[in-house]
Amino acid sequence: MGFSKGAPRGRGVGEKQAEIIFESILRSKAIKSGLIRDLNDALMFVPGIGPDKVSDITNNIIRRHLIEYTQNQFSLLGKEIKTTMPTGLLWDSVAADWTEGYDFIPVIKGRKILLVPKVFVKYAKDFTGLGQKYYDGFVASFIRQRELSSMGRLVSFKERKDGTKVPHVYKADIERDTPRGKDSVAEFSLKHPEVYQRFKEAFFRHNPVSVATIAAAQCGNFDEEKFSKQAIKAPEALPTGARTAADYQSLMVGLLHFLFYPQLSNPVLERPINGDRKRIDIAFDNTSDSGVFSRIRQDPFLLGREVMIECKNYTHDISNPEIDQLIGRFDHRRGRFGIVMCRDIKDKKRLIDRCADAFKSQQGAVVVLTDTDVVDALSRGHFGRESRIGEIIQQQLRDILS
């Protein structure tokens, strides 16, 4: 995925160009050797494939998911998509073939628009000159160090001003020995996979763009600190009770998305499950790679691929029925972890005991967050809110397990 300002300038991947790319991949030494395992590897080692082509190919493969994501986001904002448009080719992973059809896709100023989850957005400049960065920073550095440590054939002696000579490896000699071309670099990477692995860990590490950066790129006047101060006041201003239950749910999806991103992403309101016989108030995809949500996702019992959230705008404490309702949404596909959002808890020990009973009977883990918890995390600012909400959740999990 790219991140551009203004109208997109790419031309996409047409049928003829797709054939050229396919032939280029088949002829590549890297594909024959097994070096290529994903599109990032193709970007590095296949001639004729650059960042734009990787972005175009990715869009074609995941278009079905982007259509679904766009529809979910419009629903989240209470907006209806009224236009039915041709989908274009959609990849069917079960049939291993391309299909096409019609679906609800927004049209703005005559153009079909698909939204992309911001957690996956990257700046185009992050992929610019990757080949040069790999060669100069990793390949050439490795060769230089190897030659100097073994006094290899590429070592020359450079005379200092005082007449002493020191061993040196010139850049030109490295390039003659291992040219910069993709095939040559692929051959080097096959012989020294640990060098390429270090590069991938450094440059292809998932590092989502921040909310403030995205907002600044779009409108230029987003004040994150001001937003946080207003958000802190919002729960107190909202009355409890059934009449404002929908307002409370809408408020929570906004505040929790702000608090949890990029650990959790793609919020869906009223997510239908079990053939639409049940619904989850709010469901987030667990996209974390560190912290408490990452541990929840990787836990062999919890398997928290999704984080399910129920919102209770009650004037009284929640009890067993609310805990049981959320547990009823758990399964081995979505996971066995969820959060109940409520306004306040008067008897915290009793509630923790109820959640502990559910966990000990292997039903899953339920954490309860209140307005106080949300405000506490929001008040910690840009650098503290994510760690604080993680601490609150982690402490409750410890209490449940103890």
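Rounding to the nearest 0.5 Å gives a distance of 6.0 Å between CG of Leu130 and CE of Met44. Rounding to the nearest 0.5 Å gives a distance of 8.0 Å between CD1 of Ile389 and CG of Asp376. Taken to the nearest 0.5 Å, the CD1 atom of Ile345 stands 9.0 Å off from the OG1 atom of Thr372.
With respect to Arg180 and Asp136, a salt bridge is recorded, a charged nitrogen being found less than 4.0 Å from a carboxylate O. A salt bridge does not link Glu147 to Arg153: none of the charged nitrogens lies less than 4.0 Å from a carboxylate oxygen. Looking at Glu224 and Lys229, no side-chain N of the basic residue comes within less than 4.0 Å of a carboxylate O on the acidic one, giving no salt bridge. By the 4.0 Å N-to-carboxylate-O rule, Asp357 lies too far from Lys360 to be salt-bridged with it. Ion pairing of Arg388 with Glu391 is present here, as a side-chain N (NZ or NE/NH1/NH2) and a carboxylate O approach within less than 4.0 Å. Taking the charged nitrogens against the carboxylate oxygens, Asp331 and Arg333 do have a contact shorter than 4.0 Å, which makes a salt bridge. Between Asp299 and Arg295 there is no salt bridge, since no side-chain N of the basic residue sits under 4.0 Å from a carboxylate O of the acidic one. Contact check on Asp38 versus Lys200 returns a salt bridge, with a Lys/Arg side-chain nitrogen under 4.0 Å from an Asp/Glu carboxylate oxygen.
Taking every heavy atom of both residues into account, Tyr196 and Tyr134 meet most closely at CB-OH, 3.4 Å. Gly338 approaches Phe330 most closely through the heavy-atom pair N-CZ, 3.5 Å. When all heavy atoms are compared, the tightest approach of Ala365 to Leu397 is CB-CD2, 4.1 Å. When every heavy atom of Val195 is checked against every heavy atom of Val139, the shortest pair comes out as CG1-N, 4.4 Å. The nearest pair of heavy atoms linking Ile105 to Leu114 is CG2-CD2, 4.1 Å. Contact detail for Val366 and Cys355: the closest heavy-atom pair is O-SG, 3.5 Å.
Because its NZ or CZ atom is not both nearer than 6.0 Å to the ring centre of Phe199 and within 45° of the ring axis, Lys133 does not count as a cation-pi partner of that residue. The side-chain tip of Arg64 does not point at the ring of Tyr69 from less than 6.0 angstrom away and within 45° of straight on.
Side-chain atoms of Gln249 and Lys312 include no donor-acceptor pair closer than 3.5 Å. When only modelled atom types and interatomic distance are considered, Ser265 and Thr287 share a side-chain donor-acceptor pair under 3.5 Å.
For the salt bridge (charged side-chain N to carboxylate O under 4.0 Å, His left out) criterion with Arg343, the lone passing option out of Asp371, Asp373, Asp317 is Asp371.
Ring geometry, His192 versus Phe142: the interplanar angle falls from 30° to 60°, so the pair is classed tilted.
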